[in-house]
Colleague: 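Handing you this structure, nothing more for now.
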There are 2 protein chains.
Amino acid sequence: MKLSTKGRYAVMAMVDLARHAQTKPVSLSDIAARQEISLSYLEQLFARLRRAELVKSVRGPGGGYRLARGSAETRVSEIILAVDEPITATRCTEMGQAGCRADRSKCLTHDLWEELGNQIHVFLSSVTLYDVLERKLSTHIAEAPPAPANSDSMAAAS
Amino acid sequence: MKLSTKGRYAVMAMVDLARHAQTKPVSLSDIAARQEISLSYLEQLFARLRRAELVKSVRGPGGGYRLARGSAETRVSEIILAVDEPITATRCTEMGQAGCRADRSKCLTHDLWEELGNQIHVFLSSVTLYDVLERKLSTHIAEAPPAPANSDSMAAAS
DNA sequence: ATTAAATCCGAGTGGACTGGTTGGTTTTTC
DNA sequence: GAAAAACCAACCAGTCCACTCGGATTTAAT
């Protein structure tokens, strides 16, 4: 799973949509204004979200977008996968299959990246739009490992 | 924490170094040949790794690099932080402090990205070079969440 | 002393990706 | 018919990545 700002914009927009979708569909210009994302860029993102069947569109005046499913049934991982198509990892041409399997010593880190991908996916799959809105983040997953030495600084995932 | 291919190259190189550092220091041209990374690019990466005091250099013929600490005392998170300087997250100008704290509704996803950053950091901090070499990845951290709906596809983290 | 192996250093570069713009067209409501 | 909205296709400036090039310094071996 690729993690880029594009995916984050999409999640921001979807959270905004989930928040403001009561009865009427929500127009992209509303989301653009609230989230300070350019309208045309949002259009590109929502074209992908629509193809992934995460949202439904209503055309014409008073139209806009609705969530295809409920906010509690839409997981963050799905949004990111929809806009940020996977892309192949560094060497190992694709995760499980051929390529890297050949020369074992050259891809010692293969398992590491695969496991990291699992971690990220598990986490983002465990969070729905509803969770984000209600601030019910499941912090239950990880508990601090032994981690003996000095604590190095933390930053945003990009 | 930023996740890019640069960080992955650095980890690949450091694992290679840990593997081949017996008595002699390991030259970058050896690592470049084994890992198929350009020598000059490796030089840039190791300049950062040296400044971060993760490796020590020995100049002159027969020289090269050594791990500054043992492979079991060098965590993957440190390597990535050394080469891939953090960079500020999307909106929220920096994680904890000012900026995004002001307009709460605009940054509903703040907590999500912060928690994701925590997850990634915890995982990468729990893995040392020794673990990667010995293939002792600590998969103990995450256990599958409820995850009711269909399982969407998995891919590499980038 | 020379040579050569290696680390160091800084500048530059092609390509990819980001975030956005422009300029439309269709659909639909009023 | 006017206007609001989704749609769509191209294009673009900036940035970063992975890499190259051309050196310089240090030092071991001859």
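Lettering of chains follows the sequences in order, A, B, ..., and the numbering in each one begins at 1.
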Colleague: Nearest of C/dT18, C/dA5, D/dT25 to any side-chain atom of B/Arg59?
Modeller: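 The closest nucleotide is D/dT25.
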Colleague: Do A/Tyr65 and A/Ser57 touch side chain to side chain, with heavy atoms closer than 4.5 Å?
Modeller: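 A side-chain contact under 4.5 Å exists here.
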Colleague: Can you measure A/Lys24 atom NZ to D/dA5 atom P for me and round it to whole angstrom units?
Modeller: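 Rounded to the whole Å, the gap is 11 Å.
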Colleague: Pick the nucleotide of DNA chain D nearest each of A/Gly63 and A/Arg50; which residue has the one closer to the 5' end?
Modeller: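 That would be A/Gly63.
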Colleague: In whole Å, I'd like the distance from the CZ atom of B/Phe46 to the P atom of C/dA6.
Modeller: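 Whole-Å distance recorded here is 14 Å.
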Colleague: Think A/Tyr41 has a side-chain N or O under 4.0 angstrom from the OP1 or OP2 of C/dG19?
Modeller: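 It does, given that an N or O in the side chain of A/Tyr41 lies less than 4.0 Å from OP1 or OP2 of C/dG19.
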Colleague: Among D/dA28, D/dA6, D/dC19, which is the nearest nucleotide to the side chain of B/Ile37?
Modeller: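 Out of D/dA28, D/dA6, D/dC19, the nucleotide with an atom closest to B/Ile37's side chain is D/dC19.
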Colleague: Starting at atom CZ of B/Arg51, determine the distance to atom P of C/dC8, rounded to an integer number of angstrom.
Modeller: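 Distance, rounded to whole Å: 10 Å.
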Colleague: It should be established whether B/Ser38 places a side-chain nitrogen or oxygen under 4.0 Å from OP1 or OP2 of nucleotide D/dT20.
Modeller: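 For D/dT20, OP1 or OP2 has a side-chain N or O of B/Ser38 closer than 4.0 Å.
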Colleague: Starting at atom CG of A/Leu49, determine the distance to atom P of D/dC7, rounded to an integer number of angstrom.
Modeller: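 Interatomic distance, CG of A/Leu49 to P of D/dC7: 11 Å.
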Colleague: Surrounding OH of B/Tyr130 (heavy atoms of other residues, nucleotides or ligands, distance under 6.0 Å), is the total greater than 12?
Modeller: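 No, the 6.0 Å shell around OH holds no more than 12 heavy atoms from other groups.
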Colleague: Round to a whole Å and report the spacing from CD of A/Glu43 to P of C/dT27.
Modeller: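 Between P of C/dT27 and CD of A/Glu43: 16 Å.
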Colleague: Side-chain N or O of B/Tyr65 versus OP1/OP2 of C/dC8: is the shortest distance under 4.0 Å?
Modeller: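 B/Tyr65 to C/dC8 OP1/OP2: side-chain N or O found under 4.0 Å.
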Colleague: Quick one: A/Tyr9 OH to C/dC17 P, roughly how many Å, whole number?
Modeller: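 Whole-Å distance recorded here is 18 Å.
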Colleague: Under 6.0 Å from the CD atom of B/Glu43, do we count more than 12 heavy atoms belonging to anything else shown?
Modeller: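 Above 12, so yes.
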Colleague: Of all the choices, C/dT28, C/dG20, D/dC7, which nucleotide is nearest to the side chain of A/Gln44 once you look at every atom?
Modeller: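 Nearest listed nucleotide: C/dG20.
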Colleague: How long is the line joining CG of A/Leu42 and P of C/dT21, in whole Å?
Modeller: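 From A/Leu42 CG to C/dT21 P: 11 Å.
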Colleague: Return whichever of B/Ala47 or B/Asp30 has its heavy-atom-nearest nucleotide of DNA chain C closer to the 5' end.
Modeller: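 In this pair, the answer is B/Asp30.
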Colleague: Check whether any side-chain heavy atom of A/Leu112 sits under 4.5 Å from a side-chain heavy atom of B/Phe123, and report yes or no.
Modeller: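 Heavy-atom side-chain distance check passes, below 4.5 Å.
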Colleague: If you compare all heavy atoms of B/Gly7 against all heavy atoms of B/Val83, which two are closest, and at what distance to 0.1 Å?
Modeller: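 It is CA-CG2, 3.8 Å.
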Colleague: Could you state the atom-to-atom distance from CG of B/Asp84 to P of D/dC16 in whole Å?
Modeller: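 Interatomic distance, CG of B/Asp84 to P of D/dC16: 12 Å.
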Colleague: Using a heavy-atom cut-off of 4.0 Å across all strands, would you classify B/Ser40 as base, sugar-phosphate, or nothing?
Modeller: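 Base contact.
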Colleague: Just N and O in the side chain of B/Ser57: are any of them under 4.0 Å from OP1 or OP2 of C/dC8?
Modeller: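 Looking at the OP1 and OP2 atoms of C/dC8, one of them is under 4.0 Å from a side-chain N or O of B/Ser57.
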